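I have placed the structure first, in the form of structure tokens, so that the comments after it can refer back to it.
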Amino acid sequence: MRRPRDIDAELKALQEKAKQLKVQRTLQLGELVEATGADTLSIEALAGVLLAAVEQADGKPEAVARWTERGTAFFQAGGKKGGRKGTGNDQNGASRT
């Protein structure tokens, strides 16, 4: 005879897994902020940068393509902060000093 499924237990397990995945994603985003050196920005500045990126991504797919190339190169280089300086790919053409 088959045992009946415990739907409540399965739902609880799925909710726990979703919670764990959300925590993992949050940790990875924090690690990304640190690896890129963005943790040196104020929270307000970082939020502003991200908001501007989201706005640009909506209307300029070519910008997203360039960001994807830079991100791929960043991770292939081992995710070192020094890799983000002097690439010449800044959105506004300004260089950091």
Side-chain angles (χ1 to χ4, degrees):
M1 184 172 210
R2 279 179 82 176
R3 279 188 4 191
R5 288 176 59 183
D6 186 351
I7 302 294
D8 289 335
E10 290 179 28
L11 181 59
K12 187 174 180 178
L14 286 172
Q15 289 171 334
E16 183 61 33
K17 180 66 174 175
K19 184 178 176 181
Q20 289 172 352
L21 290 172
K22 185 175 181 180
V23 167
Q24 180 182 4
R25 180 177 168 91
T26 301
L27 289 172
Q28 288 175 334
L29 287 170
E31 290 170 357
L32 179 62
V33 168
E34 289 180 351
T36 59
D39 59 328
T40 61
L41 298 172
S42 70
I43 294 295
E44 296 82 3
L46 182 57
V49 167
L50 292 172
L51 289 169
V54 168
E55 290 169 2
Q56 279 191 6
D58 190 35
K60 298 182 182 177
E62 67 277 2
V64 176
R66 285 193 309 273
W67 300 337
T68 301
E69 290 174 10
R70 288 185 70 185
T72 300
F74 175 80
F75 287 115
Q76 287 176 347
K80 297 192 176 20
K81 284 193 286 189
R84 67 187 185 114
K85 293 182 181 172
T87 61
N89 288 335
D90 291 341
Q91 287 296 310
N92 62 6
S95 61
R96 292 180 175 240
T97 56

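Throughout, residue positions are numbered sequentially from 1 according to the sequence presented. Since this is a predicted model, take the numbers as computed values, not measurements.
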note = d(L46 CG, T36 OG1) to nearest 0.5 Å is 8.0 Å
key: Interatomic distance, R25 atom CZ to L32 atom CG [nearest 0.5 angstrom]   = 10.5 Å
ask   = Mind checking what makes salt bridge (charged side-chain N to carboxylate O under 4.0 Å, His left out) contact with E10, not counting sequence neighbours?
value = R5
key: Distance in Å, L14 CG paired with E16 CD, rounded so as to fall on 0.5 Å steps   = 11.0 Å
inquiry  = Using the side-chain contact (heavy atoms from CB on, under 4.5 Å) criterion, which residues pair with E62? Sequence neighbours excluded.
reply    = K60, R66
ask   = Any chance CG of L27 has more than 12 other-residue heavy atoms, nucleotides or ligands included, within less than 6.0 Å?
value = yes
task = Kindly give the heavy-atom pair with the smallest separation between A53 and W67, and that separation in Å.
result = O-CH2, 3.4 Å
key: Flag if over 12 foreign heavy atoms under 6.0 Å of CG, D58   = no
